[in-house]
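Everything numeric here is computed off the predicted structure, so don't read it as measured data.
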Amino acid sequence: NSTFITRCGIKVGSTLSEIKKISKKEPILMPGWGYFILLSNGWFAGLGIDNKIQTHGKLSSDTKVIFLFKSSYHLYWYE
């Protein structure tokens, strides 16, 4: 749903620089899956370029959120 916005104001199309303003977490690369980052409200943002998940390389400040999800499994990556 392209109109969904998390409580912290992040939506599909938000940039990594916008996320960094509200989250102290760093993006994590899950091999074979892509980069994601934990938002301050329990949501995760999948990050990519040109609407494709980014699976390697460096992220830039203009890397965009291409999907949002919630998962208890992915919380373990931040412990």
Side-chain angles (χ1 to χ4, degrees):
N1 183 341
S2 62
T3 61
F4 177 77
I5 301 173
T6 66
R7 284 188 208 155
C8 59
I10 300 300
K11 62 184 178 187
V12 169
S14 295
T15 63
L16 183 55
S17 63
E18 291 173 294
I19 293 171
K20 292 291 197 167
K21 292 176 185 174
I22 58 101
S23 177
K24 305 250 186 252
K25 302 295 185 183
E26 291 296 320
I28 291 179
L29 175 60
M30 185 174 182
W33 198 76
Y35 284 96
F36 62 89
I37 188 168
L38 177 62
L39 303 176
S40 61
N41 61 356
W43 283 89
F44 289 87
L47 302 168
I49 300 169
D50 296 328
N51 287 327
K52 294 180 184 164
I53 189 76
Q54 186 168 343
T55 58
H56 61 282
K58 289 183 79 171
L59 298 174
S60 67
S61 60
D62 62 344
T63 298
K64 294 191 179 196
V65 173
I66 58 171
F67 61 93
L68 296 161
F69 66 99
K70 277 202 171 194
S71 168
S72 57
Y73 169 77
H74 288 83
L75 288 172
Y76 294 113
W77 287 72
Y78 280 96
E79 291 181 350

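Classification of the F36-F44 ring pair by plane angle, with boundaries at 30° and 60°, yields perpendicular.
The minimum heavy-atom distance linking K20 with K25 is given by the pair NZ-O, 3.8 Å. The two residues F67 and V12 have their closest heavy-atom pair at CA-CG2, 4.1 Å. Heavy atoms only, all atoms of each residue included: L16 and S60 are closest at CD2-O, 3.6 Å. Pairing each heavy atom of S14 with each of G9, the nearest pair is OG-O, 4.3 Å. Contact detail for V65 and A45: the closest heavy-atom pair is CG2-CB, 3.8 Å. Listed here is the closest heavy atom pair of L47 and P27: CD1-CB, 4.0 Å.
Within the structure, no pair that satisfies the salt bridge (Lys or Arg N to Asp or Glu O under 4.0 Å) test touches residues 56-66, not counting sequence neighbours.
The CG atom of L38 sits 10.0 Å away from the NZ atom of K70 when rounded to the nearest 0.5 Å. One finds the OH atom of Y35 at 5.0 Å from the CG atom of L59 (value rounded to the nearest 0.5 Å).
Partners of I66 according to the side-chain contact (heavy atoms from CB on, under 4.5 Å) rule, which considers only residues two or more places apart in sequence or in another chain, are N51, I53. Partners of T15 by side chain to side chain donor-acceptor pair (under 3.5 Å), not counting sequence neighbours, listed by chain and number: S17, E18. The side chain to side chain donor-acceptor pair (under 3.5 Å) test applied to K11 returns no partner, not counting sequence neighbours.
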Task: Steps toward side chain to side chain contact (heavy atoms under 4.5 Å, CB included) verdict (W43, I10) - done: CA-CA 9 Å; W43 283 89; I10 300 300; over 6 Å; no

